[in-house]
Amino acid sequence: MNIQDVHSYVCGQWIGSDSTAREIHSAVTGELIARAGASHLDVGAMLEYAQTKGGPALRKMSFHDRARMLKALALHLGQHKQALYDASFATGATQRDHMIDVDGGIGTVLVIASKGRREMPNDTIYLDGPVERLSRQGTFLGQHVCTSLTGVAVHINAFNFPVWGMLEKLAPTLLAGMPAIVKPATATCYVTELCVRIMLDSGLLSEGAVQLVSGNLGPILDHLGGQDVVSFTGSAATARKLRSAPCILDNATRFVAEQDSLNASVLGPDAVPGTPEFDLFIKEVQREMTAKAGQKCTAIRRIMVPEAHIDAVSDALRDRLSSVVIGNPADEKTQMGALVSQAQRRDVLEKAALIGQEAERIFGDPDDFTVHGADADKGAFVPPMLFRCNTPDAAQTLHAVEAFGPVSTVMPYRDLDHAIELANKGEGSLVASVITHDPEVARQFVIGAGAFHGRLYLNNRDSMKESTGHGSPLPHMVHGGPGRAGGGEELGGIRGVMHYMQRTAVQGSPDLLTRIGKKWVPGATEARDRAHPFTRTFHELEVGETLVTDPREISLDDIETFAHFTGDTFYAHIDEAAASRNPFFPGRVAHGYLLLSFAAGLFVQPDEGPVLANTGLDNLRFLKPVQAGDSIRVHLTVMQKTPRNQDYGEVRWHVSIRNQEDDLTAEYELLTMNAYAQPDPAG
């Protein structure tokens, strides 16, 4: 059998292992399959290469450019995922496990890319939150902005997800405009190496954007500074060691950690045997115990059930676990493969023995179980092991020790407050779940346990067909947790991108803030000498150009006609006496939506032109009521422009409606899609 030489990718070159390389054995057969590691990697040169090549190239690209690059990378990986599947069987993972890792990683990149296009500007500066008014007249304003850090992101990943673990960190890092040095766990680095090769061979990555260290990372942490980021997934002990490195402490280097997590799942008091929720709970626990052979940072380690149902839950779990087929992961009949290595097998058995000092093992004998299509002694196989602890309040180990494999403990609770107390005994987790159909149970659990868990997964008969599962971190939502879980946070949509950017408070005049953010700020200069903006193409429009309309008087007949035509006969519009008793109104007033309709009539240009569609309205506020006899006029200003595809872009307009005294009566932001070219009447 050929032994693979797992390479590192350093300073634009592939470098093989040397005599210091570690051996990697198949999780299924125990055979030596690869070697990885080289002692001669020049970490200083790697950092310089990332800082001088990768960073500048990425920072020249806009967020949209980077998002398009990520989407193209994900689609390219999707065309080569079978190769990643094939390589992953030796890690002990089944085909279903591959889909979590490979397909999940690709899907995560696609989501982050999509969010980058939809939620970030086509620029290199991200505006974080609204403009803050810092002066009475509005000539001095504040705006939080985020810009790319100029250092390097060092990603130190765990063995359990060699593809997803890399991609879920890499996507927000590259979208932020920061180069990355990826260090996968040695046990499965051959899969990560293949994934990196596929990405580099695509030609889509800019030079220096990604480097790979297969094997020992060396003294790289000793060279990091305040512009760098370390993102770590692994054990609490390793996180503590890395986090306390003198250079990390001295330079306040950002350190994001995802570590040990004793995740809990709670069967709600209402979820009695025979309900859909009870059956769902049993399925979720069994799935989370056996997926990736329990080697998931989000797997269920503690199972909490009402005292009255602990026997029913124990029996149901034993029945489901007894049908799980353990064996060669390449066999399509196999439901649970092997642990990643013999070392991991020893660790899991040691931790299970510690748990066994406080709990009774009620299913799964590691000395007597069946493995199909493989040798149980040569491979790193263990059976699912279910423990039961009848006295969870007195227990300490099962709330403190994580066996990172198919090991979980069921325990009773007296009432919901007790369940919350037990869930929080883990001192911080990535996820806790509650299976309940009672909204009040869900609310009380969120109030009582939210501070201890990074994610709360609530499921029942209404959502179970579409829910993604207790153990599935989603790119849209935060992944991380307090306390024992590391105190870090990843993903969460654009929140995850911000970990690789610097938030800065910028203060200045409206004109300066407009130029910095390429988004018009109220109070900034308005250009009023242009043709009607609806006659101008996307590229012809300039941020700040403004149309000021002629005024229109609002009559009592307008108000009454609108009320009866729309059916909006709210008393403030049709009953003078009732309206006068309302502290907000001086008497009968015009409908807010009547003002919006008349505003559109004032600023619209009706002829065919580059404006294709009105797609939305944001941040509407009604500021001062309008009565019969008042007049209104509109200021329509180009606020921001965002390209969307090859034919058209989005224009965000600031709309202010003012009365005859120039007081603001309403303001909002209008969204339209505008063509890049004038329409061709000939078709």
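Keep in mind that the numbers below use all heavy atoms, side chains included, and drop hydrogens, waters and symmetry copies. Note that the structure is a prediction, hence the values are computed from the model and not measured.
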Side chain of Arg455, backbone of Ala432: donor and acceptor closer than 3.5 Å?
no
Hey, is OH on Tyr49 packed in by over 12 heavy atoms from elsewhere, all under 6.0 Å?
yes
Where is the tightest heavy-atom contact between Pro121 and Tyr126, given as atom of each residue plus distance?
CD-CD1, 3.8 Å
For Glu466, is the CD atom crowded, meaning more than 12 foreign heavy atoms sit under 6.0 Å from it?
no
With side chains defined as the heavy atoms from C-beta onward, is the minimum distance between Phe161 and Ile100 less than 4.5 Å?
yes
How about Thr253 and Asp228: does a side-chain donor come under 3.5 Å of a side-chain acceptor?
no
Worked check of side-chain contact (heavy atoms from CB on, under 4.5 Å) between Gln95 and Glu332:
CA-CA 7 Å; Gln95 180 62 39; Glu332 62 181 16; over 6 Å; no
Hey, are Thr238 and Ser235 close enough side-chain-wise for a donor-acceptor pair under 3.5 Å?
yes
For Lys60 and Thr124, run side chain to side chain donor-acceptor pair (under 3.5 Å): C-alpha distance rounded to whole Å, both residues' side-chain angles, the deciding distance at 0.1 Å, then the answer.
CA-CA 8 Å; Lys60 285 181 180 178; Thr124 55; over 6 Å; no
Answer yes or no: is there a donor N or O on one side and an acceptor on the other, between the side chain of Arg484 and the main chain of Gly426, under 3.5 Å?
yes
Holding to side-chain hydrogen bond (donor to acceptor under 3.5 Å, both in side chains), I want the full list of residues that pass it with Tyr85, two or more places apart in sequence or in another chain.
Asp103
What is the minimum heavy-atom distance between Met385 and Val348, and which atoms define it?
CE-CG1, 4.4 Å
Heavy atoms of Tyr500 and Ala176 approach each other most closely as CB-CB, 3.6 Å
Shortest non-hydrogen contact between Gly151 and Met178, atoms and distance
C-CE, 3.6 Å
Would a distance-only check, ignoring hydrogens and angles, find a side-chain to backbone donor-acceptor pair under 3.5 Å from Ser8 to Val213?
no
Side chains of Leu221 and Leu224: closer than 4.5 Å at any heavy-atom pair?
yes
Is the CD atom of Glu48 crowded by more than 12 outside heavy atoms at less than 6.0 Å?
no
Which residues satisfy the side-chain hydrogen bond (donor to acceptor under 3.5 Å, both in side chains) test with His155, sequence neighbours excluded?
Thr173
Can you list everything that forms a side-chain hydrogen bond (donor to acceptor under 3.5 Å, both in side chains) with Ser202? Sequence neighbours excluded, please.
none
Would you please test Ser231 and Glu490 for side chain to side chain donor-acceptor pair (under 3.5 Å) and show each step?
CA-CA 9 Å; Ser231 184; Glu490 297 175 335; 3.2 Å; yes
Report the relative orientation of the aromatic rings in His76 and His80; use parallel for angles under 30°, tilted for 30 to 60°, perpendicular for over 60°.
tilted
Pair Tyr9, Glu193: side-chain N/O donor-acceptor within cut-off below 3.5 Å
no
Checking His25 side chain against Glu23 main chain: does a donor-acceptor pair fall under 3.5 Å?
no
I'd like to know if the side chain of Arg35 and the backbone of Ser17 have a donor-acceptor N/O pair within less than 3.5 Å.
no
For Asp279, is there an ion pair with Lys283 - N to carboxylate O distance below 4.0 angstrom?
no
Close side-chain approach of Met46 and Ile181, heavy atoms under 4.5 Å
yes
One pair to check against side chain to side chain donor-acceptor pair (under 3.5 Å): Thr642 and Asn122. What are the steps and the verdict?
CA-CA 6 Å; Thr642 304; Asn122 188 36; over 6 Å; no
Just wondering, are more than 12 heavy atoms of other shown residues or ligands nearer than 6.0 Å to CZ in Arg96?
no
Verify the distance criterion only: is there a donor paired with an acceptor across the side chains of Gln227 and Thr150 at less than 3.5 Å?
yes
Any Asn459 side-chain heavy atom under 4.5 Å of Ser433 side chain:
no
Strictly below 4.0 Å, N to O, side chains only: are Glu350 and Arg346 in salt-bridge contact?
no
Here the pair of heavy atoms bringing Leu32 nearest to Ile24 is CD1-O, 3.5 Å
Could you go through the side-chain contact (heavy atoms from CB on, under 4.5 Å) check for Val154 and Leu217 one step at a time?
CA-CA 10 Å; Val154 178; Leu217 189 58; 4.2 Å; yes
Can you tell me if Asn160 uses its side chain to pair, donor with acceptor, with the backbone of Gln295 under 3.5 Å?
yes
Pairwise side-chain contact, Val230 with Val256, heavy-atom cut-off 4.5 Å (strictly under):
no
By side chain to side chain contact (heavy atoms under 4.5 Å, CB included), Glu489 pairs with (sequence neighbours left out) Val478, Arg495, His499
Would you find a donor on one side and an acceptor on the other, under 3.5 Å apart, between the side chain of Thr334 and the backbone of Asn328?
yes
Kindly say whether Ala27 contributes a backbone atom to a donor-acceptor pair with the side chain of Arg345 at under 3.5 angstrom?
no
Taking the side chain as every heavy atom from C-beta outward, state whether Thr186 and Ser214 have any atom pair closer than 4.5 Å.
no
Go through the steps to decide whether Gln646 and Tyr676 satisfy the test side chain to side chain donor-acceptor pair (under 3.5 Å), and finish with yes or no.
CA-CA 8 Å; Gln646 68 274 15; Tyr676 297 150; over 6 Å; no
Answer yes or no: is there an ion pair linking Glu402 with Lys351, defined by an N-O contact shorter than 4.0 Å?
no
Hits for side-chain hydrogen bond (donor to acceptor under 3.5 Å, both in side chains) against Ser472, two or more places apart or cross-chain, chain-then-number order -> none
Treating Asn263 as the side-chain partner and Ile300 as the backbone partner, does any N or O pair qualify as donor plus acceptor under 3.5 Å?
no
Is Gln342 reaching over with its side chain to a backbone N or O of Gly379, donor-acceptor style, under 3.5 angstrom?
yes
May I ask you to test the Arg301-Glu288 pair for a side-chain heavy-atom distance under 4.5 Å?
no
Gap between atom CZ of Phe363 and atom CG of Leu317 - 0.5 Å precision
10.0 Å
For the residue pair Asp65 / Ser62, report whether a side-chain donor-acceptor contact shorter than 3.5 Å exists.
yes
Pairing donors with acceptors under 3.5 angstrom, does anything connect the side chains of His372 and Asp331?
no
Mark yes when over 12 heavy atoms from residues, nucleotides or ligands other than Gln79 sit less than 6.0 Å from its CD; otherwise mark no.
yes
Under the criterion side-chain contact (heavy atoms from CB on, under 4.5 Å), I'd like the reasoning laid out for Phe159 against Val191: C-alpha separation, chi angles, the key distance, then a yes or no.
CA-CA 10 Å; Phe159 64 79; Val191 180; over 6 Å; no
Determine whether Thr94 and Met336 make a side-chain contact, defined as any pair of heavy atoms from C-beta on separated by less than 4.5 Å.
no
With sequence neighbours left out, the residues meeting side chain to side chain contact (heavy atoms under 4.5 Å, CB included) with Asp375 are Asp377, Lys378
Crowded around Met477 CE? As in, over 12 foreign heavy atoms under 6.0 Å?
no
Do you know the tightest heavy-atom contact between Ala239 and Gln259?
CB-OE1, 3.1 Å
Heavy-atom neighbours of Arg197 CZ exceed 12 at 6.0 Å:
yes
